[in-house]
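Report on one structure; see the data block that follows.
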Amino acid sequence: MKKKYYILITMFLVIIVGFVYSISKNETHLNSEKYTQSTIPTLFFHGYGSSARAEKHMTEAARKAGVTKTIIQATVNRNGQVDLIGKIPKNTINPIIKVQYEDNRNPDYQQDAEYAKKVVTKLQQMYGFQKMNMVGHSMGNMSILFYLLEYGKDETLPQIQKQVHIANHVNGIEGMDMPDGMTIMNLETGQPNKMSQSYTKLLGLREIFPQNQVDVLNIYGDYKNQSDGSVLNSSSKTLKYLLFENAKSYQEKQFTGKLAKHSLLHENPEVDKALINFLWAK
């Protein structure tokens, strides 16, 4: 009887040790040799009709690469109230915040900018951040750009350091708000020959965008016919005209293939690599 008891105890201990080993083996380890060890948070903004789930592939890729161990979510309701799911411990390295709008089909970009500000101020109040990075996909880009237009000069808010635009439709979508016959008349500056109503408003960024402060990465997909299937590359590339002159640095990256489609760019491993290197690589 005692022998049987000892065998059961031994088996139990082996299972526990194996479980603990498995957990420790799969635990994320920070790659301090490859990635900067900063406490600056990075906020991800999803597109129209989407949610924080659309940000999971990119943010998990960053975690698995050893950029960070901390990913939380900020959910904004229609009244602008922000609920944070998860906590950011003190001195956390490269924390990531997935932003989710409950009002996720709102084409009022000023309202989207206000939602973004609510998230920024909530994080600032909770954690005292003075700097931040921002990443947007599709309409999430407009949240970022109109946030900067409306609140970019407010020196009491955290100052943006890096921003990534993925599949942006800054000068409109063909068949919707993009002007007929819109082309880029100056490839060096990105200046378009025609401007959508929203783009005309964003021209103010040419005056107020922080000088030599922000590194900008503009990612777009050429899935077919110089379009990501939803947005023409020419619309995405006019972002340059708004930001290039004042940005600390400005670069564009084009992706091709099946995963260059508008709705799949945020599921593209090559985009993940470009994003991670731009934001965090030493």
Side-chain angles (χ1 to χ4, degrees), residues 36 38-48 50 52 54-56 58-59 61-62 67-68 70-76 82 84 88 94-101 104 109-124 126-127 129-170 202 205 208-210 213-220 236 239-240 242-244 246-253 265-266 271-272 274-280:
T36 183
S38 168
T39 57
I40 296 174
T42 301
L43 286 65
F44 283 72
F45 294 85
H46 61 73
Y48 183 85
S50 191
E55 300 152 8
K56 184 176 180 180
M58 296 181 288
T59 57
V67 168
T68 188
T70 304
I71 302 172
I72 71 167
Q73 181 173 316
T75 300
V76 192
V82 180
L84 298 180
I88 301 176
N94 302 323
I96 290 175
I97 299 92
K98 298 185 296 180
V99 179
Q100 176 167 299
Y101 294 166
N104 63 355
Y109 299 140
Q110 273 85 11
Q111 179 64 70
D112 295 333
E114 187 177 336
Y115 290 151
K117 182 179 182 254
K118 294 288 187 181
V119 174
V120 170
T121 53
K122 178 77 170 186
L123 291 169
Q124 186 181 41
M126 289 287 294
Y127 300 109
F129 293 130
Q130 299 300 313
K131 297 179 180 180
M132 63 182 174
N133 304 321
M134 286 182 158
V135 179
H137 173 260
S138 193
M139 199 176 78
N141 296 293
M142 302 304 267
S143 285
I144 295 171
L145 293 171
F146 275 86
Y147 166 84
L148 290 169
L149 181 67
E150 299 293 331
Y151 310 109
K153 292 187 73 174
D154 188 342
E155 295 182 357
T156 67
L157 293 171
Q159 302 303 294
I160 190 165
Q161 303 298 294
K162 295 185 179 184
Q163 63 188 78
V164 181
H165 296 276
I166 304 171
N168 88 77
H169 51 84
V170 67
L202 287 171
L205 286 172
I208 68 167
F209 194 70
Q213 174 183 302
V214 187
D215 294 303
V216 180
L217 173 60
N218 184 15
I219 290 173
Y220 57 91
S236 297
L239 177 70
K240 185 176 185 178
L242 300 177
L243 308 180
F244 176 73
N246 291 330
K248 183 178 179 182
S249 70
Y250 183 94
Q251 56 180 295
E252 295 178 345
K253 285 189 179 293
L265 278 166
H266 57 65
V271 171
D272 294 339
L275 181 81
I276 290 168
N277 286 334
F278 175 77
L279 289 170
W280 298 293

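All of these numbers come straight from a predicted model, not from anything done at the bench.
- Contact check for L239 versus H165: side-chain heavy atoms found under the 4.5 Å cut-off.
- Distance CG/L145 to CG/D112: 11.5 Å, rounded to 0.5 Å.
- The heavy-atom pair separating P95 from I40 by the smallest distance is CD-O, 3.8 Å.
- Side-chain contact between Y127 and L84 is present, with heavy atoms from C-beta onward closer than 4.5 Å.
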Hey, mind stepping through M58 and I166 against side-chain contact (heavy atoms from CB on, under 4.5 Å) and telling me if it holds?
-> CA-CA 11 Å; M58 296 181 288; I166 304 171; 3.7 Å; yes
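- A distance of 10.0 Å separates NZ of K162 from CG of L217, quoted to the nearest 0.5 Å.
- Scanning for side chain to side chain donor-acceptor pair (under 3.5 Å) contacts around S143 gives Y101, with sequence neighbours left out.
- Side-chain atoms of Q124 come within 3.5 Å of backbone N or O of T156 as a donor-acceptor pair.
- In this structure, I97 and P41 approach most closely via the heavy-atom pair CD1-CB, 3.6 Å.
- Every residue two or more places apart in sequence or in another chain that forms a side-chain contact (heavy atoms from CB on, under 4.5 Å) with K56 is listed here: E60.
- Rounding to the nearest 0.5 Å gives a distance of 9.5 Å between CG of L202 and CG of L148.
- In this structure, the side-chain contact (heavy atoms from CB on, under 4.5 Å) partners of S50, at least two apart in sequence or on a different chain, are H46, A54.
- For T42, the side-chain contact (heavy atoms from CB on, under 4.5 Å) test picks out F44, N133, V135, L279, W280, with sequence neighbours left out.
- Not counting sequence neighbours, H266 has no partner by the side chain to side chain donor-acceptor pair (under 3.5 Å) test.
- Scanning all heavy atoms of the two residues, the minimum distance from I144 to G136 falls at CD1-N, 3.5 Å.
- Legend: residues meeting ring pair (Phe, Tyr, Trp, His ring centres under 6.0 Å) with Y109, ordered by chain and number and at least two apart, are F146.
- Here F209 pairs with nothing under the ring pair (Phe, Tyr, Trp, His ring centres under 6.0 Å) rule; sequence neighbours left out.
- With values rounded to the nearest 0.5 angstrom, K240 atom NZ is found 11.5 Å from Q251 atom CD.
- Within the 4.5 Å cutoff, no side-chain heavy atoms of N141 are placed close to those of H169.
- Remark: K117 engages T121, Y147, Y151, L157 in a side-chain contact (heavy atoms from CB on, under 4.5 Å) (not counting sequence neighbours).
- By the side chain to side chain donor-acceptor pair (under 3.5 Å) test, T75 pairs with Q73, sequence neighbours left out.
- Judged by distance alone, with hydrogens and angles left aside, the side-chain atoms of N94 form no donor-acceptor pair with the main-chain N or O of T68 at under 3.5 Å.
- For S249, the side chain to side chain donor-acceptor pair (under 3.5 Å) test picks out D215, with sequence neighbours left out.
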M134 vs V120, side-chain contact (heavy atoms from CB on, under 4.5 Å): CA-CA, chis, key distance, verdict = CA-CA 10 Å; M134 286 182 158; V120 170; 3.9 Å; yes
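- Applying the ring pair (Phe, Tyr, Trp, His ring centres under 6.0 Å) rule to F244 yields no partners; only residues at least two apart in sequence or on another chain are considered.
- Of the possible donor and acceptor atoms, one in the side chain of S236 sits under 3.5 Å from a partner among the backbone N and O of N168.
- Smallest separation of non-hydrogen atoms from V99 and E55: O-OE2, 2.9 Å.
- The nearest pair of heavy atoms linking L243 to Q163 is CD1-NE2, 3.7 Å.
- Side chains of Q161 and M132 form no contact here, defined as non-hydrogen atoms less than 4.5 Å apart.
- Shown here are the ring pair (Phe, Tyr, Trp, His ring centres under 6.0 Å) partners of Y48, two or more places apart in sequence or in another chain: there are none.
- Checked by atom type and distance alone, the side chain of K98 never pairs as donor or acceptor with a backbone atom of I71 at under 3.5 Å.
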Evaluation steps, side-chain contact (heavy atoms from CB on, under 4.5 Å), between M126 and I88 | CA-CA 9 Å; M126 289 287 294; I88 301 176; over 6 Å; no
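- Nearest approach of K131 to P158, heavy atoms of both residues: N-CB, 3.9 Å.
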